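Nothing here was measured: the structure is a model prediction, and the numbers come from that model.
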Amino acid sequence: MTATQQYWLMKSEPDECSIDDALAAPQRTVPWTGVRNYQASNFMRDAMHIGDGVLFYHSSCPEPGIAGIARVASGVKPDPTQFEPDSPYFDPKSKADDPRWLLLDVQALRKTRLLGLPELRTVPALAGMRLLQRGNRLSITPVTAEEWAVIEGLLR
DNA sequence: GCCAACGTTGGC
DNA sequence: GCCAACGTTGGC
């Protein structure tokens with residue numbers, strides 16, 4: 001156990017799962033369903049570890065931004081919604097013995113004030129954040145230790 | 001609702 | 001393996 005803690009930003013639509021929803025869940029933990037992008041999925045499979053820090057981001061909503069702090073709470077497992085025909089995340093190409101999509105559990109730690117996207121863009125130290133790069137659409141992006149520290153400072 | 005940006009699909 | 005067409009994301 002030598003891996004140092006890493007940091008991530010994970011987008012969730014608050015209509016589906018807000019930071020309040022996550023905090024209200026059993027163990028404050030929710031399965032991160034619905035990732036349907038290989039880059040994001042590969043982050044979960046190859047790079048994310050239990051205990052990593054997570055910025056809980058609200059997207060596709062009136063006020064997009066960081067809404068809370070969470071942690072990675074499990075390793076990867078198959079995302080069951082890919083096998084559910086009635087789910088919006090159903091993937092007919094997925095086979096039970098060869099799932100295409102993974103998830104891991106995320107445990108909410110605390111709600112923060114909303115650190116909105118416009119405010120994030122004003123912080124020079126965050127100019128390089130993956131989230132803020134032009135055209136970024138990834139639902140899971142790495143956050144550097146420096147960026148994490150700056151954001152913790154803004155949320156204090 | 002618009003649209004820029006990006007990822008995926010599938011014909012060749 | 002290329003690349004045009006199409007679908008999706010997500011801020012505005």
Side-chain angles (χ1 to χ4, degrees), chain A residues 6-25 29-48 52-73 76-144 146-148 150-155:
Chain A
Q6 301 181 93
Y7 304 96
W8 307 93
L9 181 141
M10 300 178 79
K11 294 182 187 173
S12 181
E13 300 188 16
D15 283 352
E16 274 195 53
C17 182
S18 68
I19 184 69
D20 291 318
D21 295 332
L23 284 167
T29 298
V30 290
W32 207 261
T33 55
V35 173
R36 295 293 180 271
N37 170 285
Y38 283 111
Q39 271 190 76
S41 194
N42 291 342
F43 281 141
M44 292 196 287
R45 186 191 63 195
D46 301 332
M48 296 174 77
D52 282 359
V54 172
L55 300 171
F56 197 112
Y57 182 91
H58 285 176
S59 70
S60 294
C61 58
E63 284 193 290
I66 294 164
I69 303 291
R71 65 188 281 276
V72 175
V76 285
K77 33 199 173 181
D79 180 346
T81 63
Q82 69 195 302
F83 304 120
E84 297 168 5
D86 294 336
S87 167
Y89 299 123
F90 178 61
D91 185 344
K93 294 180 182 167
S94 274
K95 301 263 185 100
D97 57 353
D98 185 22
R100 302 177 90 196
W101 306 113
L102 304 170
L103 61 70
L104 42 69
D105 291 336
V106 173
Q107 181 178 40
L109 297 178
R110 66 187 175 97
K111 186 176 183 174
T112 64
R113 77 176 175 91
L114 189 95
L115 181 46
L117 186 56
E119 181 177 351
L120 289 169
R121 292 197 188 282
T122 67
V123 183
L126 298 179
M129 252 189 114
R130 185 81 171 262
L131 171 77
L132 304 180
Q133 301 315 300
R134 170 187 167 81
N136 165 69
R137 291 190 315 175
L138 264 187
S139 63
I140 300 176
T141 49
V143 173
T144 67
E146 292 77 13
E147 291 160 355
W148 179 273
V150 169
I151 287 163
E152 288 237 295
L154 293 170
L155 291 172

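Between A:W8 and A:F43, the ring planes are tilted. Angles from 30° to 60° get that label.
Considering A:L126, A:L155, A:T144, A:V143 in turn, A:L126 is the only one that fulfils the side-chain contact (heavy atoms from CB on, under 4.5 Å) rule with A:V150.
Counting heavy atoms from C-beta on, the side chains of A:D79 and A:R36 come closer than 4.5 Å. Between A:I140 and A:M48 the shortest side-chain heavy-atom distance falls below 4.5 Å.
Under a 3.5 Å cut-off, the side chain of A:S60 and the backbone N or O of A:E13 do not form any donor-acceptor pair. Panel note: side chain A:E63, backbone A:L114; no donor-acceptor pair is recorded below 3.5 Å.
Aromatic ring centres of A:F56 and A:W32: separated by under 6.0 Å.
Of the side-chain N and O atoms in A:K93, none sit less than 4.0 angstrom from OP1 or OP2 of B:dT8.
Residues from residues 34-47 of chain A with heavy atoms under 4.0 angstrom of DNA chain B, sorted by number: A:N37, A:Y38, A:Q39.
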I'd like a list of close polar pairs between nucleotides 10-12 of chain C and the protein, N/O only, cut-off under 3.5 Å.
| from | atom 1 | to | atom 2 | distance (Å) |
| --- | --- | --- | --- | --- |
| C:dG10 | OP1 | A:K11 | NZ | 2.9 |
| C:dG10 | OP1 | A:R137 | O | 2.8 |
| C:dG11 | OP1 | A:Y57 | OH | 3.0 |
| C:dG11 | OP2 | A:S60 | N | 3.0 |

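Residues satisfying the ring-ring contact (aromatic ring centres under 6.0 Å, His included) criterion with A:Y7, sequence neighbours excluded, are A:W148.
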